[in-house]
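As structure tokens, the structure follows; a few thoughts come after it.
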Amino acid sequence: MSDKISCGFTTTILHNDRQKEIEHGSVHKPVHTAVMFGYKDARALADVFQGKQSGYRYGRQGNPTVSALEDKITKMEDGIATIAFATGMAAIGAVFQALLRQGDHIVSSRFLFGNTNSLWQTTAAQGLNVSMVDATDVANVEAALTPATRMVFVETVANPRTQIADLKRIGDLCQARGILFVVDNTMTSPYLFRPKSVGAGLVVNSLTKYIAGHGNVLGGALTDTGLFNWTNFPNIAPNFRKQPAPAQGMAQIRAKALRDFGASLSPEAAHQIAIGAETIALRMERACANAAALAAMLEADPRVAKVHYPGLASHPQHTLATGLFRAYGALFSFELQPEIDCFDYLNRLQLAINATHLGDTRTLVIPVAHTIFFEMGAEQRAKMGIADSLIRVSVGIEDTSDLLHDFAQALQA
Ligand SMILES: *Cc1c(COP(=O)(O)O)cnc(C)c1O
């Protein structure tokens, strides 16, 4: 396959390793386990350290197997560079460690992954000013901006209530004001949506979720889309200003977050994730179709009070989602009528597994208020629209009829 042929999403992932010479014609990038990389010429080692020559030196800052995965994620997001981390949270944490300073202000969606919400509290205690807004309306984001605002952070589809940020208008606003726009694309994955298309400068992906997909490996990534002008970003240290403008942000993140904090992805994990990534398009097609079928069935049942799924016409941002995403995602949440206990319902399900996590090949269910959103307390849950009886469903790739049957049979007490 030549670089000149422009290929589709899956073809590109499958053949990307072979774009560079691989040892012995191996069709997978091998798992390189060495921590250190030796040089015959001591001057070459010095050149690598001084950035005059590219090369690997120590496993914490880079590894050939991890680089091959980073390159795939860059292609999936149509970006210019990617840095992989041990988890998705490490990737989000890296944005703060590397790019933000005491007294900086950020605007964030308040419909957030629970651990990101917790991280915001940590960073606020360390001197960052965080404004949490309803990002389904760009006006709320605009009203929160201050001269100290360095970054706007949103997710694509919020978990568990599936609110959708006003992505295009927020991207336009950030571009007009020269503010870094960071989008956590985990819930949609690059197969359903590319944040670059709405002006994002940095994209977060938890590789643990849809990209790996099999629930047996953790990983995270930050991708630079090439759209943000780093020369205007005040927090780039003089050392990294020596780099060409497009490389400054990632150079600082690789050194100040990955190197200094050390949440590096292992080569074994990178290999596992790369294998999962090969089938993401197929898995997403099936999981999204299953989610649409389940959400429609539950919405039509009088024993169900509410279903939150962007693919339903009743969803407040259904039209927005239709314009943005290839499909409506594989996650939805619902509330039963008050006379049905949510724990009893969950215990009657035979296929769906009571477990946290999302983006797996298996269907997973969880009573949100009592588990992943328990720690934040009732007041914060109310602000995020999370009812006590809310059940989150991460839909897998099981046969559609089996899932429909399982969720229907559990409704009969
Ligand atoms: C799971 C998740 C993360 C964190 O990823 P980990 O790999 O579990 O650390 C971040 N953002 C979103 C939206 C997620 O769903």
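As the structure lists them, so they are numbered: ligands from 1, and atoms in each ligand from 1. All residue numbers in this chain count up from 1 along the given sequence.
- Side chain of N140 to main chain of D134: a donor-acceptor pair is present (N/O by atom type, distance under 3.5 Å, no hydrogens or angles).
- For a threshold of 3.5 Å applied to N or O pairs, the pair formed by D184 and ligand 1 contains at least one separation below that value.
- When only non-hydrogen protein atoms are considered, atom 2 (C) of ligand 1 lies nearest to K209 NZ, 2.5 Å.
- Between the CE atom in M284 and the CZ atom in R326 there is a gap of 10.0 Å [rounded to 0.5 Å].
- Taking a cut-off of under 4.0 Å to the non-hydrogen atoms of G219, the atoms of ligand 1 that pass are 7 (O).
- At under 3.5 Å, a nitrogen or oxygen of S206, whether backbone or side chain, sits near a nitrogen or oxygen of ligand 1.
- Of all protein heavy atoms, the one closest to atom 4 (C) of ligand 1 is F113 CE2, 3.5 Å.
- The CZ atom of F332 lies 9.0 Å from the CD1 atom of I391; values are rounded to the nearest 0.5 Å.
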Original post:
After noting the C-alpha distance and the side-chain angles of F334 and Y345, does the key distance pass the ring pair (Phe, Tyr, Trp, His ring centres under 6.0 Å) rule?
Top reply: CA-CA 12 Å; F334 69 105; Y345 179 82; 5.8 Å; yes

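- Looking at ligand 1, you'll find an N or O of G88 within less than 3.5 Å of one of its N or O atoms.
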**OP:** Kindly determine whether F153 and W120 satisfy ring pair (Phe, Tyr, Trp, His ring centres under 6.0 Å), including the steps that lead there.
**Re:** CA-CA 11 Å; F153 183 102; W120 268 215; 5.0 Å; yes

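- Checked against the 6.0 Å centroid threshold, Y328 and H315 do not count as a close aromatic pair.
- Some N or O of T208 is nearer than 3.5 Å to an N or O of ligand 1, by distance alone.
- Between M89 and ligand 1, a contact under 3.5 Å exists for at least one N or O pair.
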